[in-house]
Amino acid sequence: MNLTARKLVALLTITALGTAALPFTTPQAQAAGFTTSMSATATQLTNQQVQAAIKELNRLGIMNGYSDQSMGELRAITRAELASLIYRTFDLQNKTGDIAATITDVQANAWYAPYALKAVEMGIMQSVEGEFHPQSPVTDAELEEVVSKALKRDVKSVHHWMSAFYEETGSVTRGETAVLLQKAYQAVPSDQVRIESIKTLNNMTLVITLDKPLTAEDEVFAKSRTDFAFSGGLTLTNMPRLKTGSVATYIVPTSVQQAGETYTLTYKGQDAGSFKGSDVKVNMTQVRQVTNDTFEIEALKENGVVDYGYIISAYSAGRGDNAFILNDQEQADGKTYQIISSMQARQVTITPENGEPIIAKYVPFTQSTDGRQEPKFRLPEGQILKPGVSYTVTSEWANIEQASFTAKSFESFVVERAQVAGETSIEVTLAQDPGDELFSGRSVTLTAPDGQVLTATYKYSSRKGATGVFELASGEKLISGTNYTLNPVGDWSVASSVTVVQQ
């Protein structure tokens with residue numbers, strides 16, 4: 001099979017001298033029969049990149065050569081070969097999968113049999129009706145998907161790493177595969193990492209680059225807030241988030257830094273360096289009231305401000321075409337961006353005209369929803385914005401261009417119906433879609449005929465249109481056959497004769 005022309009010109013100049021000294025094994029010599037053809041368009045990959053990748057994978061015992069003492073960098077890689085490379089790159093030997101794999105077109109004594117079986121068991125590669133098709137060439141799209149699954153990394157990052165050779169319908173060579181796997185190997189998480197650099201983005205955000213990504217366990221907020229220890233009372237305010245497209249660079253939200261103060265950082269008790277507190281605030285556009293007790297602060301991407309949810313690996317899939325990649329200078333398409341990191345634990349001061357300042361706290365999971373960058377802030381329980389009064393919002397972490405607004409009265413949401421979603425949760429449907437996670441932080445009570453009262457609180461990010469899921473407190477359950485009367489807690493909503501029956 002001929003590969004696409006664009007990929008091959010530079011690769012064809014790779015000489016045998018670059019690989020002849022590398023060890024080889026004979027079984028793979030029978031596995032790849034697909035060769036390449038001449039092309040008219042140059043690839044972006046350089047000879048040096050391909051040779052360096054192959055030599056590194058060979059040194060690690062991941063990639064071997066053929067019986068003719070070549071590495072076959074110009075050959076189309078087969079599914080059998082890819083399975084063996086994935087097996088070694090991601091150390092699948094001692095890992096177990098959930099899929100009961102049956103492969104009918106692979107002989108048990110084939111050199112690639114254990115690798116193909118493990119890849120299918122792990123859900124990393126597919127067999128269709130039991131057929132693995134070991135000698136079929138691998139497409140760019142398939143390689144992207146396989147590496148993403150094996151690494152448990154977002155597809156957008158893997159696609160970015162393949163940008164030098166990716167084609168929608170192209171078949172991938174062994175040399176190209178080596179380049180990608182070299183990068184992916186560097187991105188395998190480790191519980192033994194070293195911090196390589198720390199830089200401040202703004203007075204509540206750091207960018208920290210490590211030599212390896214953190215494990216899922218080490219990313220968890222409860223652990224990371226202990227592992228990342230700062231001087232001067234500075235603290236992590238939420239978990240570090242891996243930047244899309246990076247190997248091990250993290251957006252790290254902190255409490256507000258004091259401008260010019262020197263902070264030191266230790267990671268797991270080891271000195272990791274120091275940095276000076278930033279005086280940079282995030283440029284927000286304007287404040288808007290959204291309910292009687294809640295307001296939002298807008299930021300605009302077109303003004304060069306982006307919420308971190310659009311540039312981190314964890315949210316890449318959910319943001320669709322809105323997700324993008326920033327380089328090490330926080331640039332994309334020649335434009336430099338400010339980054340809004342996690343709003344968790346953030347607060348602002350809202351001051352009524354001729355009145356006393358009020359602290360308003362961030363409403364969780366509202367900072368970037370429905371394609372808008374508008375984190376919400378809510379007054380303390382029981383307080384409302386008084387219609388006709390002018391309010392001004394100030395913040396330690398934000399510059400707000402239009403910081404004042406005159407409050408008005410909002411109609412409360414109306415609960416239209418509710419139904420049981422499980423023995424510990426209910427679905428509440430409003431007469432209109434509240435949008436933008438305005439369910440967040442809200443609760444309802446469920447009163448049984450005998451007077452027992454249960455409280456259910458909104459489950460973050462569960463909203464589908466006008467319906468949100470509300471969950472009972474831990475240990476509480478709805479009693480079978482009981483007819484509960486629902487009432488909102490506070491004035492955010494009203495309900496008239498709304499009942500919930502647990503069957």
Side-chain angles (χ1 to χ4, degrees), residues 288-296 343-344 347 350 352 358-367 369-370 374-389 391 407-503:
R288 283 188 293 263
Q289 182 185 2
V290 291
T291 72
N292 290 323
D293 62 357
T294 307
F295 57 92
E296 63 189 13
M343 288 283 100
Q344 186 68 29
Q347 58 187 34
I350 181 168
I358 303 167
I359 298 299
K361 295 183 178 181
Y362 169 66
V363 181
F365 293 88
T366 64
Q367 70 181 77
T369 60
D370 293 357
E374 296 167 338
K376 312 292 187 290
F377 293 82
R378 186 165 291 153
L379 301 187
E381 186 71 33
Q383 296 190 37
I384 64 169
L385 298 163
K386 297 177 181 179
V389 175
Y391 290 85
K408 58 184 179 180
S409 179
F410 282 72
E411 292 290 334
S412 297
F413 292 109
V414 176
V415 177
E416 189 173 75
R417 64 182 182 276
Q419 63 184 33
V420 172
E423 62 180 7
T424 61
S425 61
I426 62 171
E427 289 183 349
V428 176
T429 300
L430 304 180
Q432 64 185 86
D433 185 349
D436 281 345
E437 286 296 286
L438 286 178
F439 275 128
S440 291
R442 305 302 193 184
S443 299
V444 298
T445 58
L446 300 169
T447 305
D450 64 1
Q452 180 193 26
V453 178
L454 303 175
T455 300
T457 301
Y458 175 67
K459 178 183 177 181
Y460 294 125
S461 302
S462 68
R463 178 178 66 89
K464 294 181 180 179
T467 300
V469 176
F470 285 65
E471 295 185 320
L472 298 179
S474 179
E476 294 185 339
K477 293 182 179 181
L478 298 169
I479 300 173
S480 179
T482 302
N483 189 337
Y484 294 92
T485 300
L486 181 147
N487 282 292
V489 176
D491 298 329
W492 70 275
S493 182
V494 295
S496 178
S497 302
V498 175
T499 59
V500 179
V501 180
Q502 168 67 315
Q503 302 295 332

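Below, each value reflects all heavy atoms present in this structure, side chains not excepted, and no hydrogens, waters or symmetry copies.
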Pairwise side-chain contact, [X] with [Y], heavy-atom cut-off 4.5 Å (strictly under):
{"X": "Pro380", "Y": "Ile359", "answer": "no"}
{"X": "Asp433", "Y": "Arg463", "answer": "yes"}
{"X": "Tyr391", "Y": "Val389", "answer": "yes"}
{"X": "Thr429", "Y": "Val415", "answer": "no"}

Review point. Residues in side chain to side chain contact (heavy atoms under 4.5 Å, CB included) with Glu427, at least two apart?
Key: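 Partners of Glu427 by the side chain to side chain contact (heavy atoms under 4.5 Å, CB included) criterion, ordered by chain and then number, come out as Gln419, Ala421, Thr467, Val469.
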Can you tell me how far [atom2] of [Y] sits from [atom1] of [X], rounded to the nearest 0.5 angstrom?
{"X": "Glu476", "Y": "Thr424", "atom1": "CD", "atom2": "OG1", "result": "10.5 Å"}
{"X": "Ile426", "Y": "Leu446", "atom1": "CD1", "atom2": "CG", "result": "4.5 Å"}
{"X": "Arg288", "Y": "Thr294", "atom1": "CZ", "atom2": "OG1", "result": "14.0 Å"}
{"X": "Thr445", "Y": "Leu486", "atom1": "OG1", "atom2": "CG", "result": "6.5 Å"}
{"X": "Leu438", "Y": "Leu430", "atom1": "CG", "atom2": "CG", "result": "10.0 Å"}
{"X": "Asn487", "Y": "Ser443", "atom1": "CG", "atom2": "OG", "result": "13.0 Å"}

Which atom names give the shortest non-hydrogen contact between [X] and [Y], and what distance separates them?
{"X": "Ser440", "Y": "Arg378", "answer": "O-NH1, 2.7 Å"}
{"X": "Lys477", "Y": "Tyr484", "answer": "O-OH, 4.4 Å"}
{"X": "Leu379", "Y": "Ile384", "answer": "CD1-C, 3.5 Å"}
{"X": "Gly468", "Y": "Tyr458", "answer": "CA-CE1, 3.9 Å"}
{"X": "Phe410", "Y": "Gln289", "answer": "CE1-CD, 3.4 Å"}
{"X": "Thr366", "Y": "Lys376", "answer": "OG1-N, 3.0 Å"}

Review point. Taking Ser493 for the side chain and Pro488 for the main chain, is one N or O donor matched with an acceptor at less than 3.5 Å?
Key: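 Answer holds: no.
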Review point. For Asp293, which residues count as a side chain to side chain donor-acceptor pair (under 3.5 Å) partner, sequence neighbours excluded?
Key: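 Once residues adjacent in sequence are excluded, the partners of Asp293 under the side chain to side chain donor-acceptor pair (under 3.5 Å) criterion are Thr291, Arg442.
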**Study point:** Sequence-distant partners of Asp491, salt bridge (Lys or Arg N to Asp or Glu O under 4.0 Å), two or more places apart
**Key:**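 Residues passing salt bridge (Lys or Arg N to Asp or Glu O under 4.0 Å) with Asp491: none at all.
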Review point. Parallel under 30°, tilted from 30 to 60°, perpendicular over 60°: which one fits the rings of Phe470 and Trp492?
Key: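 Because their plane-to-plane angle is under 30°, the rings of Phe470 and Trp492 count as parallel.
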